[in-house]
Amino acid sequence: MHILHVVGARPNFMKAAPVVRALHHRAARQTLVHTGQHYDTNMSDVFFSQLGLQVPDVNLGVGSGSHAKQTAEIMARFEPIVLERQPDVVLVYGDVNSTVAAALVCSKLHVRVGHVEAGLRSFDRTMPEEINRLVTDQIADLLFTPSEDGDINLRHEGVAPEKIHRVGNVMIDSLLRLLPAAAQLRMNGLPERYALVTLHRPANVDDSRVLKGILQSLLDINQHLDIVFPVHPRTRQQITKFGIDVNRLHLLEPVPYIEFLALQRRATMVITDSGGIQEETTYLNVPCITLRNNTERPITVTMGTNVLVGQDNRSLQAEVSKVLDGKRRPGMVPPLWDGHAGERIADILLNLSINPQPQEIALSTP
Ligand code: UD1
């Protein structure tokens, strides 16, 4: 069984690492392809070393571009790799452009696709990631879901139940493995109490009025609670372009994985528009205020520590005050977020028969 993994952007790396690791322990043949969607050292290389991922066998080096250009470029460069390497299964992760591009290539070549983190839906088709999720799940042969809502969404969309495997949350595998290292890390120069902020969604950073509004809210909060803000390259570009002065905040370059875990676990609260951070804060039992109107991870709201405030400054301020006044809601860790999701995926993959026709795949749910 030859398994080829495709990763491309920062949130893919911590999802792929536990699956690669579990397959390695089971002596499976593996190939790792990096599309090069993220290419800065601090958005990519440092994650590979901290997560113990091997250097990619292939780097497609696509870099940045419009959605169409980036997706098309990945497809054009990935197709010959699949033809040459002849994998039995290609695994794609999450919801980035690399995910959908690789899945499309494989489905046309009749190579089985497994989607890790399948079934998540924000029901907001203005998000590029929602389109990526919908398309990938329609063409994938194996759908590995993190929680029950994923299974329900897929069944509503007509996905055959035997393709769906609820395996739990692979991101939590990485978190659990590297949390001891994060706990030991000395983070010099940090305030005693702080809100950790991340911001990069096009809906929040591409419009100058919206971005200015959010940053003004953060400047207001910063008057009574320090803001620590590792700035995503997209956001940095926009802040510079719009000439916004945010120097009063603790701005950082994007931080490596272990450092970011350390920042999260010590934070008084996290304010974010990321997807994965909603899950990590739920696991860490740190209050999370999400600057979006919807989430593809509703379990972080119903069970976890997450609350959605959209771009509404008053709701944001109210939620910040709640946390500071000790009125935060306690959270619980969802089932199967237990550090073993990668192993479950590996076991399912290694029980597949080699090279059946895609239509012959019939698996039972665990
Ligand atoms: C992508 C994903 C998003 C994910 C995010 C995590 C899609 C559609 N979006 O968004 O789901 O949450 O990654 O970061 O796939 N840039 C650099 N250096 C890099 C990478 C990017 O400077 O290493 C800059 C480029 O100028 C680029 C911009 O950041 O134009 C945005 O990068 P891109 O990969 O297009 O999307 P993200 O916003 O990072």
Side-chain angles (χ1 to χ4, degrees), residues 6-16 34-49 51 56 59-75 77-78 92-104 115-118 120-122 124-137 171 174 197-207 210-211 214 229-242 251-257 260 270 272-281 288 290-292 294-297 300:
V6 180
V7 293
R10 186 170 61 175
N12 290 158
F13 309 139
M14 55 292 263
K15 294 170 192 166
H34 191 325
T35 65
Q37 177 174 347
H38 283 175
Y39 43 86
D40 285 354
T41 304
N42 61 7
M43 296 290 283
S44 179
D45 302 9
V46 71
F47 286 80
F48 276 69
S49 53
L51 291 160
N59 193 322
L60 304 177
V62 294
S64 303
S66 70
H67 284 269
K69 195 166 175 301
Q70 194 175 54
T71 308
E73 201 64 54
I74 296 167
M75 289 181 70
R77 295 187 193 193
F78 182 55
V92 296
Y93 296 85
D95 56 16
V96 302
N97 287 342
S98 301
T99 312
V100 70
L104 273 167
H115 183 204
V116 177
E117 201 186 78
L120 301 188
R121 297 290 180 268
S122 65
D124 174 2
R125 291 198 181 192
T126 65
M127 283 181 77
E129 292 84 0
E130 182 75 353
I131 305 301
N132 295 344
R133 289 188 280 260
L134 281 159
V135 174
T136 304
D137 284 343
M171 279 200 55
S174 285
V197 172
T198 80
L199 200 60
H200 76 280
R201 294 258 157 240
N204 283 336
V205 306
D206 283 2
D207 179 311
V210 173
L211 181 58
I214 293 173
F229 184 5
V231 188
H232 186 284
R234 166 195 278 280
T235 311
R236 173 88 59 183
Q237 282 167 14
Q238 299 301 85
I239 291 174
T240 310
K241 183 167 140 197
F242 302 143
L251 300 187
L252 308 174
E253 289 301 314
V255 289
Y257 182 70
F260 194 73
V270 173
T272 189
D273 60 5
S274 152
I277 293 170
Q278 298 171 45
E279 297 180 337
E280 291 171 343
T281 45
C288 180
T290 297
L291 303 173
R292 290 174 46 190
N294 50 55
T295 177
E296 61 287 339
R297 294 161 162 93
T300 61

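Counting starts at 1 for both ligands and their atoms, in listed order.
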Undergrad: Given side chains that start at C-beta, do those of Leu211 and Leu199 come closer than 4.5 Å, heavy atoms only?
TA: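 Heavy-atom side-chain distance check passes, below 4.5 Å.
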
Undergrad: Which of the atoms in ligand 1, numbered in the order shown and given with their element, are less than 4.0 Å from a heavy-atom of Pro11?
TA: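 Result: 4 (C), 6 (C).
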
Undergrad: Counting both backbone and side chain atoms, is some N or O of Asn132 under 3.5 Å from an N or O of ligand 1?
TA: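 Between Asn132 and ligand 1, no N or O pair is found under 3.5 Å apart.
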
Undergrad: Without swapping roles, check the side chain of Gln278 against the backbone of Thr300 for a donor-acceptor pair under 3.5 Å.
TA: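 Not confirmed, Gln278 side chain does not pair with Thr300 backbone.
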
Undergrad: Please report which non-hydrogen protein atom sits nearest to atom 18 (N) of ligand 1, along with the residue it belongs to and the distance in Å to one decimal place.
TA: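 Here the nearest protein heavy atom works out to Asp40 OD2, 2.9 Å.
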
Undergrad: Nearest protein heavy atom to atom 22 (O) of ligand 1, by residue and atom, and its distance?
TA: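 Going by distance alone, atom 22 (O) of ligand 1 is nearest to Pro233 CB, 3.2 Å.
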
Undergrad: Counting heavy atoms only, which of Gln237, Arg236, His232 comes nearest to atom 14 (O) of ligand 1?
TA: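 Shortest heavy-atom distance from atom 14 (O) of ligand 1: His232.
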
Undergrad: Does any N or O of ligand 1 fall below 3.5 Å from an N or O anywhere on Gln37, backbone included?
TA: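 Such a contact does occur with ligand 1.
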
Undergrad: Could you check whether any side-chain heavy atom of Thr290 comes within less than 4.5 Å of a side-chain heavy atom of Thr295, counting everything from C-beta outward?
TA: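 Sidechains of Thr295 and Thr290: no contact.
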
Undergrad: Do Asp206 and Arg234 touch side chain to side chain, with heavy atoms closer than 4.5 Å?
TA: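 Of all side-chain heavy-atom pairs linking Arg234 with Asp206, at least one is under 4.5 Å.
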
Undergrad: Considering only non-hydrogen protein atoms, determine which one is nearest to atom 2 (C) of ligand 1 and report residue, atom name and distance to 0.1 Å.
TA: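 Ranking protein heavy atoms by distance from atom 2 (C) of ligand 1, first comes Val96 CG1, 3.7 Å.
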
Undergrad: Under 4.0 Å, heavy atoms only, figure out whether ligand 1 is touched by the backbone of Glu129, its side chain, both or neither.
TA: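 Near ligand 1, Glu129 shows its side chain, while the N, CA, C and O stay back.
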
Undergrad: Distance under 4.0 Å to a non-hydrogen atom of Gln70: what atoms of ligand 1 satisfy this?
TA: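 The list of qualifying atoms is 34 (O), 35 (O).
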
Undergrad: Looking at Arg133 and Glu117, does any basic side-chain N land under 4.0 Å from a carboxylate oxygen?
TA: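 Judged by the 4.0 Å cut-off on N to carboxylate O distance, Arg133 and Glu117 do not form a salt bridge.
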
Undergrad: Looking at every heavy atom in both His232 and Pro254, which two are closest together, and how far apart are they?
TA: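 Nearest heavy atoms, His232 then Pro254: CA-CG, 4.5 Å.
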
Undergrad: If every non-hydrogen atom of Leu251 is compared with every non-hydrogen atom of Val231, which pair is closest and at what distance?
TA: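 Where Leu251 meets Val231 most closely, the heavy atoms are CD2-CG2, 4.0 Å.
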
Undergrad: Determine the minimum heavy-atom distance between Val6 and Ser98, stating which atoms define it.
TA: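 So the minimum-distance heavy-atom pair works out to CG1-O, 4.3 Å.
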
Undergrad: Identify, for atom 27 (C) of ligand 1, the protein heavy atom at the shortest distance, and state residue, atom and that distance.
TA: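 It is Ser64 OG, 3.3 Å.
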
Undergrad: List the closest protein heavy-atom neighbour of atom 17 (C) of ligand 1: residue, atom name, distance to the nearest 0.1 Å.
TA: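 Atom 17 (C) of ligand 1 sits closest to the protein heavy atom Tyr39 OH, 3.3 Å.
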
Undergrad: Heavy atom under 4.0 Å from ligand 1: found in Ser44's side chain, backbone, both, or neither?
TA: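 Within the 4.0 Å criterion, Ser44 makes no contact with ligand 1.
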
Undergrad: May I ask you to identify the nearest protein heavy atom to atom 8 (C) of ligand 1, giving residue, atom name and distance to one decimal place in Å?
TA: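 Here the nearest protein heavy atom works out to Asn97 OD1, 3.3 Å.
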
Undergrad: Who pairs with Thr240 by side chain to side chain donor-acceptor pair (under 3.5 Å), at least two apart in sequence or on another chain?
TA: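 For Thr240, no residue satisfies side chain to side chain donor-acceptor pair (under 3.5 Å) once neighbours in sequence are set aside.
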
Undergrad: Tell me which part of Arg234 gets within contact of ligand 1: side chain, backbone, both or neither, using heavy atoms under 4.0 Å.
TA: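 Contact part for Arg234 vs ligand 1: both backbone and side chain.
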
Undergrad: Out of Phe13, Tyr39, Tyr93, Phe47, which residue meets the ring pair (Phe, Tyr, Trp, His ring centres under 6.0 Å) rule with His34?
TA: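 One option only clears the test, and that one is Phe13.
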
Undergrad: Please work out which of Arg201, His38, His200, Gln238 has its closest non-hydrogen atom nearest to atom 21 (C) of ligand 1.
TA: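 Result: the heavy atom closest to atom 21 (C) of ligand 1 is in His38.
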
